[in-house]
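The structure appears below as structure tokens.
Below, read A as the first sequence line, B as the second, and so on, with proteins coming before strands; counting in each chain starts at 1. Keep in mind that this is a model prediction, so the values were computed, not measured.
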Amino acid sequence: MNSSLKSSKSSNFLKESLGRTIVSICGIAIILLTIAIAAFLFYKGSFTFTVQGHNIMDLIFSAEWEPANNANTVGEGEVGALIFIAGSFYTCGLALLIAIPFSLAAAIFLAEIASDRAVRIVRPAVEIFVGIPSVIYGWVGYKTIVPAIKAIFGGTGSSVLAAGIVLAIMIFPTITTVATDAMKSVPMDFRSGAYGLGSTRWQVIRKVVLPSANPGILTGIILGLARAFGEALAVGMVVGRMRAFAEDVFSPTHTITTAISSEMGNSIDGSELNSALWSLALVLFVVAIVCILAIHAVSKKAKVDE
Amino acid sequence: MMKKPSNLNTAKYTDRFMTAVFYSVGGFFLLLIFVLAGYIIFNGALSFKPEYLTFTSDGVMNQLFDTVYLVFLSLLISTPLGILAGIYMAEYAKKNKLTEFIRISIEALSSLPSLVVGLFVMFLFILVLDLDKTLFVGAIAVSILSVPLITTTTEDALRSLPPEYKQGSMGLGATHWQTITKVMLPACISRIITGIILAAGRGFGEAAALLFTTGQSSVIRWTDWDLTSKRCPLNPFRPAQTLSLQIWEMKTESIRVDKDDVANFASALLVILVLTFSLLARYVSGRIDKKAQGGK
């Protein structure tokens with residue numbers, strides 16, 4: 001009797017250490033996965049510079065994109081990706097410009113103004129926006145926004161503006177959700193103090209809630225930017241995928257993600273084209289990491305300010 | 001009577017004006033989501049042709065099957081990994097550099113563009129390991145995208161349990177591991193399931209990560225149940241096309257006459273699938289709230 005109790009006890013301790021080991025391995029596996037992704041991207045993305053002999057200035061500041069799609073030649077063509085990079089910043093900048101005012105207004109509505117009942121209706125609606133797949137946003141944009149732009153402003157309709165609107169609809173829920181949470185976490189005392197001094201609700205929102213929630217709002221905007229920058233197929237359907245700088249918001253252009261998604265499939269492994277596209281993927285990775293670091297910097301600064 | 005100072009009046013008018021603005025923005029989004037969802041489903045219904053509901057190359061049912069099967073396979077990988085890593089983060093991780101690094105890795109993984117994850121998986125499995133583009137390789141890409149969500153949901157679920165659960169169990173002499181598996185996980189399992197359902201919903205719509213990994217065609221022979229056959233529905237090592245990839249193909253490469261109709265119908269089907277799962281997640285998490293409040 002006594003011995004069986006002892007053995008079950010020791011098997012419990014065995015399970016304890018086994019369980020602990022397994023979950024630790026899984027935690028570390030997540031680090032390894034992230035490092036592996038980073039390492040492979042740096043490895044493949046560096047070929048443009050090491051094997052093909054271009055320098056980073058050629059890639060980022062030149063608009064001459066004539067890479068050779070041939071595994072046996074080296075450094076024959078041009079890998080200037082400025083059109084794609086400019087296209088990405090142009091479409092994402094426009095998307096933020098459209099999304100920020102609407103998202104902030106929606107967040108203020110949800111956090112400060114709406115009754116509980118209204119929140120219970122609007123909040124799930126915002127979550128539904130997040131759930132709709134990006135391909136469908138692209139497809140609906142292609143069937144509705146593109147023809148509308150074509151009818152009103154002429155041209156083909158596929159344009160920076162179409163991409164900006166589609167991206168804005170895609171990132172608005174992200175910004176709204178994060179900003180709403182930030183505003184809700186502003187202590188009630190702050191508001192009571194301002195109301196006690198005779199402020200109206202709008203004055204409280206503008207002078208007290210928004211400034212206090214500022215870091216959280218910024219975090220939401222950066223997350224939205226990261227999502228817009230990495231979006232490939234929705235943008236690909238409406239941006240026109242034309243290798244030219246956009247003269248205005250009504251002209252088509254190309255972006256980093258659309259260039260990779262339309263040319264990677266046809267590129268020969270090890271060719272100049274293939275290497276250049278991997279370098280662009282590396283650019284996407286670096287932008288995503290910079291966004292994460294920026295969010296950490298913002299929240300750290302907010303903690304210090306408190 | 002004294003006249004009210006005019007800036008007080010202005011402040012009151014501005015307040016009323018801004019309140020109206022915020023109400024209209026809230027209403028606008030509500031309207032927009034109804035119009036958007038209505039448009040997608042209505043258009044899908046208008047484009048309907050009976051052959052779309054067949055499991056053939058004319059239809060979308062093979063793609064529907066592959067979408068569900070691919071997400072199922074991806075969850076087989078990401079669910080255990082995510083839950084175990086979440087347990088580690090909530091229960092075993094110390095406050096040190098390693099934990100901080102895992103946290104940053106989770107954040108990085110969750111905000112990486114899916115295109116980049118797809119490229120990574122393509123490089124590792126198709127170029128380095130020399131596999132063909134298959135359902136299995138696509139499932140790996142989707143599982144990498146869903147691991148962060150399942151990990152954070154598990155961690156949050158465990159952390160939100162009242163400390164008495166743990167104290168009570170350990171006070172009775174249970175080991176830490178017994179406490180986790182017998183007390184804590186059962187207590188928060190519905191929250192974890194909600195997270196998995198949400199991850200599945202996201203997986204259904206994934207496209208960019210599958211562009212270079214699954215092989216872009218769903219040729220299935222429904223009488224072929226030899227698991228090693230390239231046509232067997234259940235063979236994970238065959239090329240596949242999901243609904244979202246089919247929509248992308250209809251827009252970019254297809255030369256079918258009715259490609260717009262196919263894309264409309266596939267979009268409606270995909271939206272219904274995704275909405276069903278988000279309602280399911282809502283239902284499961286709603287039941288938890290009731291349970292937590294003492295109901296049945």
Shortest non-hydrogen separation from A/Glu16 to B/Trp177 and the atoms involved: OE1-N, 2.6 Å
Pairwise distance CG(A/Leu33) to CG(B/Leu109) - rounded to 0.5 angstrom: 5.0 Å
Option in A/Ile35, A/Ile289, A/Ile28, A/Val135 with maximal non-hydrogen atom pairs under 4.5 Å from chain B: A/Val135
Contact leader toward chain B among A/Ser24, A/Ala106, A/Ser17, where contacts are heavy-atom pairs under 4.5 Å: A/Ser24
Chain A contact via B/Leu198 - side chain, backbone, both or neither, heavy atoms under 4.5 Å: neither
Shortest non-hydrogen contact between B/Lys251 and A/Met237, atoms and distance: CE-O, 3.3 Å
Shortest non-hydrogen contact from A/Ile292 toward B/Glu107: CD1-O, 3.4 Å
Toward chain A, the part of B/Leu81 with a non-hydrogen atom under 4.5 Å: both
Top of A/Arg227, A/Gln203, A/Glu112, A/Lys44 for chain B proximity - count of heavy-atom pairs under 4.5 angstrom: A/Lys44
Contacting region of B/Leu98 [heavy-atom separation from chain A under 4.5 Å]: both
Contact check, side chains of B/Phe29 and A/Phe102, non-hydrogen atoms, under 4.5 Å: yes
Test applied, ring-ring contact (aromatic ring centres under 6.0 Å, His included); reference residue, B/Phe123; option that passes from A/Trp278, A/Phe47, A/Phe42: A/Trp278
Part of B/Leu211 within contact of chain A (heavy atom distance under 4.5 Å): side chain
When A/Gly27, A/Ala232, A/Ala288 are compared by non-hydrogen pairs under 4.5 Å with chain B, the top option: A/Gly27
Sub-4.5 Å side-chain heavy-atom contact between B/Ile33 and A/Phe129: yes
Candidates B/Phe22, B/Phe28, B/Tyr23 - the one meeting ring-ring contact (aromatic ring centres under 6.0 Å, His included) with A/Phe109: B/Tyr23
Atom CZ of B/Arg202: over 12 foreign heavy atoms under 6.0 Å: no
Side chain, backbone, both or neither of B/Thr151 within contact of chain A (heavy atoms, under 4.5 Å): side chain
A/Ala29 versus chain B, the contacting section by heavy-atom distance below 4.5 Å: side chain
Proximal component of B/Leu275, with respect to chain A [non-hydrogen, under 4.5 Å]: side chain
B/Arg282 portion near chain A, given a 4.5 angstrom heavy-atom threshold: side chain
Nearest atoms (heavy-atom pairs only) where A/Arg241 meets B/Thr252: NH2-CG2, 3.3 Å
Closest heavy-atom pair and its distance - B/Tyr39, A/Lys143: OH-CB, 3.4 Å
Segment of B/Val147 engaging chain A (4.5 angstrom heavy-atom cut-off): side chain
B/Ala208 to A/Leu233 - nearest heavy-atom pair and separation: N-CD1, 3.8 Å
Side chains of A/Val140 and B/Asn43 in contact at under 4.5 Å (non-hydrogen atoms): no
Side chain / backbone / both / neither for B/Asp260 at chain A, heavy atoms under 4.5 Å: both
Chain A contact via B/Met250 - which portion, at a heavy-atom distance below 4.5 Å: neither
Approximate separation, where rounding is to 0.5 Å, of B/Leu32 CG and A/Ile128 CD1: 12.0 Å
